[in-house]
Every structure is written in C-alpha cells, then in structure tokens.
Amino acid sequence: MRRFLVLISALVAGIGFSIIPNSALAAPSYCGLVWGSLDKSDPSHSTAQVTNVRSGRHQCFDRLVIDVAGPVTGYRAAYVGSVTMDASGAPVPLRGDAFLSVTVHAPAYDDAGSSTYRPADRGELARVGGYQTFRQVAWAGSFEGQTTFGLGVRSRLPFRVFTLDGPGGGSRVVLDVAHFW
C-alpha cells in the first residue's frame with residue numbers, strides 16, 4: 001500500500017510540473033530587464049539641434065544621453081560590424097567587441113551651418129573608463145539633418161532607446177545597455 005501511495009504521489013507531482021508553463025520555470029532575466037539586442041528606431045525627424053553627449057553608470061546598465069535643444073522623437077540604434085562616418089562612409093575606430101551605431105534624427109548644426117555641438121575630442125565624447133559595459137563613445141558626423149555616434153561596448157548586450165522631455169524646452173535621446181543578459 002505504501003509503495004502504491006508513493007507511486008500515485010510521484011505521478012501527481014509529475015503531471016503538475018508538466019502543466020507549469022516554461023516561462024515560470026525559466027531563470028529570471030538580469031535585473032528584471034526584458035530588452036533585446038535587435039535594432040530600435042523611431043523614424044520621426046526634428047529640426048532641433050544636438051547640443052551635448054554625456055554618459056552615466058547605473059546598477060544594471062550603462063547610459064548614453066544625447067541632449068537636443070528642442071523636441072526630438074526620431075532615432076535609430078543598431079549593432080553593426082563597424083560604425084561609419086556620415087557622408088564619407090569612413091570607418092570610425094572604436095574599442096570593444098561589439099559596436100552600436102546611434103543616429104539621432106536631428107542635426108548638430110544650426111540653419112546657418114554652424115556647429116551646435118563641438119566635441120573637444122571626437123574619439124572620446126564621454127569618459128567611460130571603469131564602466132562595466134561601455135568602452136568608447138565617438139563622433140561619426142552630422143549630415144542631412146541627422147547626427148551619428150559610435151558606441152563601443154564589451155559585447156552584444158541587450159539595450160533600449162527612448163526619448164525624454166526637458167530640461168526646459170529641450171529633450172534627450174537615452175540609450176541604456178545592460179551589463180549582462
């Protein structure tokens with residue numbers, strides 16, 4: 001009788017585990033992040049100009065922020081084999097084992113053609129030494145109303161892109177790259 005009860009208990013437990021969805025058994029994602037590594041974009045364009053680039057470290061991701069003097073909605077970010085300069089197509093040298101091309105659909109020059117963003121060092125737009133994921137942020141040019149940046153990262157990791165209003169009348173394009181999968 002005891003063997004019969006053990007057998008029935010084992011069968012009931014086995015049936016119970018077989019109806020639990022796989023998603024419930026899967027390991028949780030890193031920091032609860034559910035981002036992927038595929039291209040992300042919004043095709044909208046803006047006439048507001050790029051004014052600054054900055055970065056930050058967070059517990060679960062590294063962040064790149066591109067400031068724009070006015071409303072911006074359009075961007076495109078994608079992992080690429082190599083980042084190239086706008087217009088010329090020349091390669092942008094970057095440190096890292098994976099490269100993100102980040103394009104903001106806003107110029108880095110005003111209506112008179114004067115630069116609105118003048119990096120001191122086009123190869124090092126933000127100091128990212130000691131960051132867990134970022135390896136280098138570089139300038140890739142501004143041409144025909146869009147501005148491109150190269151981001152060298154440690155490996156192809158999940159990322160997200162979004163826009164934020166402010167400060168003041170400006171806005172920001174924000175790109176976060178996770179530290180792990």
Criterion side-chain contact (heavy atoms from CB on, under 4.5 Å) on T147 and W139, from CA distance to verdict: CA-CA 9 Å; T147 304; W139 176 258; 3.7 Å; yes
Any donor-acceptor pair under 3.5 Å from Q146 side chain to E144 backbone: no
OG1 on T116 to CG on D110, rounded to 0.5 Å: 7.0 Å
Approximate separation, where rounding is to 0.5 Å, of D42 CG and H105 NE2: 8.0 Å
Spacing of D86 atom CG and S142 atom OG [to the nearest 0.5 Å]: 7.0 Å
T148 and T103: side chain donor to acceptor below 3.5 Å: yes
Least distance between heavy atoms, P71 atom then S46 atom: O-OG, 2.6 Å
Side-chain heavy atoms of S101 within contact of F149, under 4.5 Å: no
Check: S115 main-chain N/O paired with R118 side-chain donor or acceptor under 3.5 Å: yes
Stepwise side-chain contact (heavy atoms from CB on, under 4.5 Å) test for D62 and D176: CA-CA 6 Å; D62 290 344; D176 295 334; over 6 Å; no
Over all atoms of both residues, closest heavy-atom pair of R63 and V174: NE-CG1, 3.3 Å
4.5 Å side-chain heavy-atom contact, Y79 and L157: yes
Heavy-atom donor-acceptor pair, R135 side chain to A98 backbone, under 3.5 Å: no
Cluster link Y117 to Y109, ILVMFWY, side chain under 4.5 Å: no
Non-hydrogen side-chain atoms of V104 and V72 separated by less than 4.5 Å: yes
Lys NZ or Arg CZ of R160 over F61 ring: under 6.0 Å, within 45°: yes
Y75 side chain near V102 side chain, heavy-atom distance below 4.5 Å: no
Crowding at CG, D111 (>12 non-hydrogen neighbours, <6.0 Å): no
Separation between CG of L125 and CG of N52, rounded to the nearest 0.5 Å: 9.5 Å
Shortest non-hydrogen contact between A140 and T84, atoms and distance: CB-O, 3.7 Å
S55 side chain to Y131 side chain, donor-acceptor N/O pair below 3.5 angstrom: yes
Flag if over 12 foreign heavy atoms under 6.0 Å of CG, D165: no
Side-chain heavy atoms of V92 within contact of M85, under 4.5 Å: yes
Non-hydrogen atoms of A48 and A69 that approach each other most closely: CB-O, 3.4 Å
Side-chain heavy atoms of L175 within contact of L100, under 4.5 Å: yes
Contact summary for V173 and V161, nearest pair of heavy atoms: CG1-CG1, 4.0 Å
Step-by-step side-chain contact (heavy atoms from CB on, under 4.5 Å) determination, V53 to L64: CA-CA 7 Å; V53 175; L64 181 68; 3.6 Å; yes
CZ/R95: more than 12 non-hydrogen atoms of other groups inside 6.0 Å: yes
Cation-pi, F159 ring and K40 (6.0 angstrom, 45 degrees): yes
Residue pair P158 / W181, side-chain heavy-atom distance below 4.5 Å: yes
Q136 CD to L151 CG distance, which is reported to the nearest 0.5 Å: 9.5 Å
Least distance between heavy atoms, F99 atom then G152 atom: CD2-CA, 4.1 Å
Point-to-point distance, once rounded to the nearest 0.5 Å, from CG of D121 to CZ of R127: 8.5 Å
Side-chain heavy atoms of R54 within contact of R172, under 4.5 Å: yes
